[in-house]
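Inspection log for the structure reproduced underneath, given as structure tokens.
Keep in mind that the numbers below use all heavy atoms, side chains included, and drop hydrogens, waters and symmetry copies. Positions are given from 1 along the sequence.
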Amino acid sequence: MTSQPNTGSDPAAQDMSPEEIQAVIDRILSKDVPARNRGTQNGDGKGSDGKAVFGKAQAISRLDEEHSTYDGDQQDLEERRALRRTAGLSTELEDVTEVEYRQLRLERVVLAGLWSEGTLADAENSLRELAALAETAGSEVLDGLVQRRDKPDPGTFLGSGKALELRDIVMSTGADTVVVDAELAPSQRRGLEDIVKVKVIDRTALILDIFAQHAKSREGKAQVELAQLEYLLPRLRGWGESMSRQAGGQVGGAAAGMGSRGPGETKIELDRRRIRTRMAKLRREIAAMKPARETKRANRRRNAVPSVAIAGYTNAGKSSLLNRLTDAGVLVENALFATLDPTVRKAETADGLGYTLADTVGFVRSLPTQLVEAFRSTLEEVADADLILHVVDVSHPDPEGQIAAVRKVFSEVDARKVPEIIVLNKADAADPFVVERLRQREPRHVVVSARTGQGIAELLKAISDAIPRPSVKLELLIPYDRGDLVSKLHESDAEIISVDHVEQGTRAVVMVREGFAAELEPFVSND
């Protein structure tokens, strides 16, 4: 059993050798230091009072440098952070600049989760990821707890005793929000709020809130709003008089007089009808945006341009990798779901073969089904790709869990048949043992670091070998007056094996795609 560090007059501490005391200190310092640690941490990652200890979210990287020279000026990131919530502000405004610069106090949250399957480490990693989501949404994580339970309580999600314990934590820390690491039924959310007396939200609502903050394009905003309305529709509830009928018979003191008799419509029914109307409008808008994306995709398909999709878990380094490979300069932030809108850039192999690189939205465990449906048009970039670069953060505590979660979403969007290369990113900050373990598990892999450039050359070679190549070999004799065809051979996706200038024209041996081969048929040499 692991010894616990003790203070005061505890005789157990006096029996420890200097080496054992130093080992305990090193173990404590290697773990996250919580924002408010009310207990001494033991070897199991818990405090002496039995509650889980939480500090900086483990799903957010600890890299000292967030950007490299390939990420550009990052002006979008500066604009986003200018309106972020800030710590240390009072709820009572004393300075007008707090309003002028839209500075808002960080929400103070307490996390709660269930350990119903897997190991304790899996449950704690899930809760630490929830802490990362909460910090990204603009909050300060004060504390958290995990309950061992076979299945959620139908009334309050947590058991009655654990719910009361959660209420005590909320009162002692001064939290104003409880975030639950699951999707709550409306009755569970109501029941838990009645006990803890503060706002309760679930994991799905938290992810939707982050998406609403980060959506920038018109299509992205429409997709997020549709997902939020789908989530909100079954969770509407009224308060007091808002549940009363808008019209009806003269009952008691609520007589409305002539012209108001009839069955009427409750406020909540009116809200549901308006939400359904808005959802129908959003679906029409998203459907109207789809042809533009399909036209671009069809144009690339018609020109036989290979497409490579960068996909993976959120904050795995997809945007950083795109910037490293193409100098795209897209937004990079050490946060979950920092970029939502897909970005497509042109790239070339070392021998001049062109292809496209598409950065897609990140995935997460238990990704809300509303988001998968709303972002289906965006996720089609993955399903229609010729190659998927599956980016994995090897510095994360559970990279295997990330891989499984992403492949589950691949199955939902029919992308499991697309060839896949596992890109083990952030190797400069990872444990070499973990990197080697993943290399043994995934035969088709490349170890890289988008920040330092390690392994980028190997990745480019792997992409060059994996994308579809021109398959038709032609021996051409092109007259000198058709220099446009020679120029097109150099510009299009063709591999020029040899070129020779003879008296009759330009003799070339090339590998081209089928569509271009038909155009070159009149110039095929019979020699």
Side-chain angles (χ1 to χ4, degrees), residues 74-77 79-80 83 136-137 204-233 274-302 305 307-315 318-319 322-323 326 328-333 335-346 356-364 367-385 388-389 391 406 409-410 412-415 418:
Q74 293 293 310
Q75 295 179 355
D76 292 341
L77 181 59
E79 178 184 352
R80 173 181 294 180
L83 301 179
T136 301
T204 301
L206 183 60
I207 294 176
L208 290 173
D209 182 81
I210 296 173
F211 271 59
Q213 292 182 48
H214 293 176
K216 191 172 182 181
S217 68
R218 180 167 169 260
E219 183 177 9
K221 290 178 179 178
Q223 290 169 329
V224 172
E225 185 180 355
L226 177 60
Q228 286 180 312
L229 292 177
E230 287 180 347
Y231 172 80
L232 177 63
L233 185 60
R274 294 184 66 180
I275 287 177
R276 291 191 185 99
T277 302
R278 179 60 180 166
M279 288 170 59
K281 182 179 180 182
L282 287 171
R283 288 193 179 99
R284 289 194 298 270
E285 290 179 359
I286 294 173
M289 300 174 196
K290 189 176 181 180
R293 188 181 300 278
E294 289 181 343
T295 300
K296 294 177 182 178
R297 193 180 300 129
N299 188 42
R300 294 196 297 265
R301 195 179 296 117
R302 182 173 59 255
V305 179
S307 60
V308 179
I310 303 177
Y313 212 78
T314 180
N315 206 41
K318 300 182 295 298
S319 298
L322 178 68
N323 289 343
T326 65
V330 299
L331 184 145
V332 172
E333 185 180 12
L336 306 189
F337 299 114
T339 51
L340 301 182
D341 302 318
T343 303
V344 181
R345 292 291 185 270
K346 183 73 181 288
T356 60
L357 270 172
D359 181 20
T360 60
V361 63
F363 305 141
V364 75
L367 188 67
T369 55
Q370 297 94 338
L371 283 176
V372 175
E373 290 302 321
F375 279 77
R376 185 165 293 275
S377 60
T378 300
L379 297 175
E380 286 175 356
E381 294 286 349
V382 179
D384 291 342
I388 296 176
L389 299 184
V391 185
V406 172
V409 181
F410 284 170
E412 294 179 10
V413 296
D414 301 325
V418 181

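Contacts of F211 classified as ring pair (Phe, Tyr, Trp, His ring centres under 6.0 Å), with partners at least two apart in sequence or in another chain: F337, F375. Shown here are the salt bridge (charged side-chain N to carboxylate O under 4.0 Å, His left out) partners of R276, two or more places apart in sequence or in another chain: there are none. Taking A205 as the reference, I201, D202, Y231 meet the side-chain contact (heavy atoms from CB on, under 4.5 Å) condition, with sequence neighbours excluded.
Panel note: side chain T360, backbone I310; a donor-acceptor pair is recorded below 3.5 Å. Of the possible polar contacts, one joining the Q213 side chain to the A137 backbone as a donor-acceptor pair under 3.5 Å is found. With K318 contributing its side chain and Y313 its backbone, the two residues share a donor-acceptor pair below 3.5 Å.
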*Checking side chain to side chain donor-acceptor pair (under 3.5 Å) for the pair D359/T343: CA distance, chi angles, key distance, verdict?*
CA-CA 5 Å; D359 181 20; T343 303; 5.1 Å; no
*Please step through side chain to side chain contact (heavy atoms under 4.5 Å, CB included) for the pair I210 and H214, ending with a clear verdict.*
CA-CA 6 Å; I210 296 173; H214 293 176; 3.9 Å; yes
*Checking side chain to side chain contact (heavy atoms under 4.5 Å, CB included) for the pair V391/V406: CA distance, chi angles, key distance, verdict?*
CA-CA 10 Å; V391 185; V406 172; over 6 Å; no
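Under a 4.0 Å N-O distance rule, the pair R283/E230 qualifies as a salt bridge. With respect to the salt-bridge test (charged N to carboxylate O, under 4.0 angstrom), the residues R278 and E225 qualify.
Atoms CD1 and CG, on I286 and L226 in that order, are 5.0 Å from each other to the nearest 0.5 Å.
Heavy atoms only, all atoms of each residue included: A415 and A383 are closest at CB-CA, 3.9 Å. Contact detail for A215 and V224: the closest heavy-atom pair is CB-CG2, 4.0 Å. A385 and V418 make their closest contact through O-CG1, 3.4 Å (heavy atoms, listed as atom of the first residue, atom of the second, distance).
Among the candidates T326, T356, N323, the single residue satisfying the side-chain contact (heavy atoms from CB on, under 4.5 Å) test with R345 is T326.
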